[in-house]
Number of protein chains: 2
Amino acid sequence: MKSLKSSVHKTFAVLEHFTPQKSEWGVTELAKHLGSNKSTIYRFLSDLQSLGVLYKDKKTEKYSLGLKLFELGNRVPLKSAFIDITHPILESVAANISETVHIAILKNAKVFYIDKVESPQGLKISSQIGSSNPIHCTALGKILLAYLQEDAQKNIVKDLYENDALTTFTKNTITGPRNLLKELKQIKDQSYAIDMEELEIGLICIAIPIFNQNNEPIAALSASGPANRFDSKQVPRYVNTLKKGADAIQNQIGYFKP
Amino acid sequence: MKSLKSSVHKTFAVLEHFTPQKSEWGVTELAKHLGSNKSTIYRFLSDLQSLGVLYKDKKTEKYSLGLKLFELGNRVPLKSAFIDITHPILESVAANISETVHIAILKNAKVFYIDKVESPQGLKISSQIGSSNPIHCTALGKILLAYLQEDAQKNIVKDLYENDALTTFTKNTITGPRNLLKELKQIKDQSYAIDMEELEIGLICIAIPIFNQNNEPIAALSASGPANRFDSKQVPRYVNTLKKGADAIQNQIGYFKP
DNA sequence: AAACACTGTTTTATTATATGAAACCAATAA
DNA sequence: TTATTGGTTTCATATAATAAAACAGTGTTT
């Protein structure tokens, strides 16, 4: 606490001590842990409490994180905040797999690319950050859809169908709503999605979901490359590496079961 | 800004300016809004950014809320933090309906009562905060279950069945897993749950869900009382009042669609 | 191209607030 | 009773926050 300069840093040093493992702190207890004076911590805690950032149990006089933080946390626009955290992880996944790696979210019923790291190999996928692709014929789209709540999933598929958005791109494109729903079910069972040249002949993509604390798929991670490099022997290794990347991201964003 | 004393207050005054409506701020812009000096706000923003509390877009140089807040927000133990916010709302609902009002969450496959406000009438339900009741025979349990993701819902019902937890309490208790799932579907359709003397003869209860930002039911609100006071004419009014209460709570916790 | 307007950033002297020590208070245990 | 353990308040002092001004980079206007 002494080495920290600004009160902003001090404030969050205090807040960081409230973890899932130790969610309640008393004044003296926390002061000892931070190497600070009781009265200093007292003032921090009571100020934070008056703002609703901390909650004070009336009986035990212990503090825990409050609703104000809950509210602020839910205001965070994940798209931009993500990149700083996730980019280094994409890089390590791309280095391991030697294919182009993307991270994307679902937005306006499309797959929206947030970030990518290109394959170090010469032959690679060309894509653009900020652009979007259809849901029904991409591994990213399918994995994100597969883990949605059933209602939402059905509604999206229905909407896509009714708006003639289940466009045929290749002979492999899944264009029937029934088939798509069946595919989504299978994807959820096997825990990863694969796009077998459904958007573009010669292009294969494997995707893995990234969950938030509510087990909802907030984003997805993918590896894509030319079909000839994706023989079935490689798939488990790719899936594995992607999963490790997804885990790393989940840890970074403070993943835990409530 | 000038009237605020502690830097903790100032810090959160800054953070509060990042809303869903205006999620990005530059230094000068925010300084004007807060009536503060540019350099002061610059320090706040860059300190917050160095902690990951704010995210700084490299191109636009604008700040928005960062992942650290997302993480802290997801650590908030809702149970305790809730009460301060929700109790006054429960009180107004109870005053309007003139029945005992409860707020509860799902925990360890049981309905866990967080808070209550008793009916002003003489004849009322006796219950204890901190105690729990079964899911399958209470309006609160059924409404919370009804809005869960389909998988989770089925798993819980299966678990209850396999552990002989679908106990018979009255002749109205739903004890078959099939019937329970059917009931849950109907509850979701009508958007409220009703317990028709399923736990105790003479006791009726109506419940409404409270959603978080992901449209998940984090808690539920209920009105309960003696069966003779719950004739079918009253139900719409009770549901309506409960819904207003749920809305108020959702607003308090910063509810909005992403 | 020059002048201008608009950012974010850094520096500095001054002011205001955060700090720790000690005293105080309340509840509980010995 | 006294001792102990927590939270709370007070106050002189040290320290960090502040505003003003200068600086730097960018894009716009003349």
Side-chain angles (χ1 to χ4, degrees), chain A residues 1-19 22-66 68 77 80-81 83-84, chain B residues 1-19 22-66 68 77 80-81 83-84:
Chain A
M1 196 82 171
K2 285 167 191 171
S3 61
L4 294 167
K5 285 179 184 176
S6 85
S7 48
V8 169
H9 280 85
K10 291 175 210 162
T11 302
F12 280 90
V14 166
L15 290 178
E16 285 285 11
H17 270 72
F18 294 82
T19 63
K22 176 106 179 82
S23 62
E24 290 193 329
W25 289 90
V27 172
T28 310
E29 185 186 18
L30 184 55
K32 275 182 191 161
H33 251 257
L34 282 159
S36 277
N37 192 284
K38 268 202 305 181
S39 53
T40 303
I41 299 307
Y42 170 74
R43 204 122 7 80
F44 267 106
L45 297 186
S46 54
D47 279 352
L48 287 166
Q49 190 227 342
S50 73
L51 290 161
V53 174
L54 290 180
Y55 169 81
K56 184 182 181 182
D57 189 293
K58 285 165 196 73
K59 283 179 193 168
T60 65
E61 292 192 307
K62 302 232 175 203
Y63 296 81
S64 51
L65 298 180
K68 179 55 71 186
S80 55
I83 303 177
D84 277 0
Chain B
M1 196 81 174
K2 285 166 190 171
S3 61
L4 294 168
K5 285 176 183 177
S6 86
S7 48
V8 168
H9 280 86
K10 290 176 210 160
T11 302
F12 280 89
V14 167
L15 290 178
E16 285 284 11
H17 271 71
F18 294 82
T19 63
K22 175 106 178 84
S23 62
E24 290 194 329
W25 288 91
V27 173
T28 310
E29 183 185 18
L30 185 53
K32 273 181 192 161
H33 251 257
L34 282 160
S36 277
N37 192 283
K38 266 202 309 182
S39 52
T40 302
I41 299 307
Y42 171 74
R43 283 196 153 284
F44 269 105
L45 296 186
S46 54
D47 279 353
L48 287 166
Q49 189 228 341
S50 73
L51 289 161
V53 174
L54 290 180
Y55 170 81
K56 184 182 180 183
D57 189 292
K58 286 167 195 72
K59 284 180 192 166
T60 65
E61 291 192 308
K62 302 232 175 204
Y63 295 82
S64 51
L65 298 180
K68 178 56 71 187
S80 54
I83 303 178
D84 277 0

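Lettering follows sequence order; numbering is per chain, from 1.
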Between Val8(B) and Thr11(A) the two heavy atoms that sit nearest each other are CG2-OG1, 3.7 Å
Nearest heavy atoms of Ser64(B) and Ser23(B), plus distance in Å: CB-O, 3.2 Å
Could you tell me how far apart Leu45(A) (CG) and dG6(D) (P) are, to the nearest whole angstrom? 15 Å
Minimum heavy-atom separation for Gly26(B) to Lys62(B), with atom names? N-CD, 4.1 Å
Nucleotides 3-13 of chain C: protein proximity per nucleotide (B base, S sugar-phosphate only, - neither; heavy atom, under 4.0 Å): ----SBBB---
Would you find more than 12 non-hydrogen atoms of other residues, nucleotides or ligands less than 6.0 Å from Lys22(A) atom NZ? yes
When you look at Leu54(A) and Phe18(A), which way does the side chain to side chain contact (heavy atoms under 4.5 Å, CB included) test go after all the steps? CA-CA 10 Å; Leu54(A) 290 180; Phe18(A) 294 82; 4.0 Å; yes
As an exercise, state the distance from CG of Leu15(A) to NZ of Lys10(A), rounded to the nearest 0.5 Å. 14.0 Å
If I take atom CG in residue Leu30(A) and atom P in nucleotide dG6(D), what distance separates them, rounded to the nearest angstrom? 13 Å
Tell me whether the side-chain N/O atoms of Thr40(A) come closer than 4.0 Å to OP1 or OP2 in dG20(C). yes
Separation of dT8(D) P from Asp47(A) CG (nearest whole Å): 12 Å
Nearest-angstrom distance from the residue atom NZ of Lys10(B) to P of dA16(C): 11 Å
Phosphate OP1/OP2 of dT17(C): any Ser7(A) side-chain N/O under 4.0 Å: no
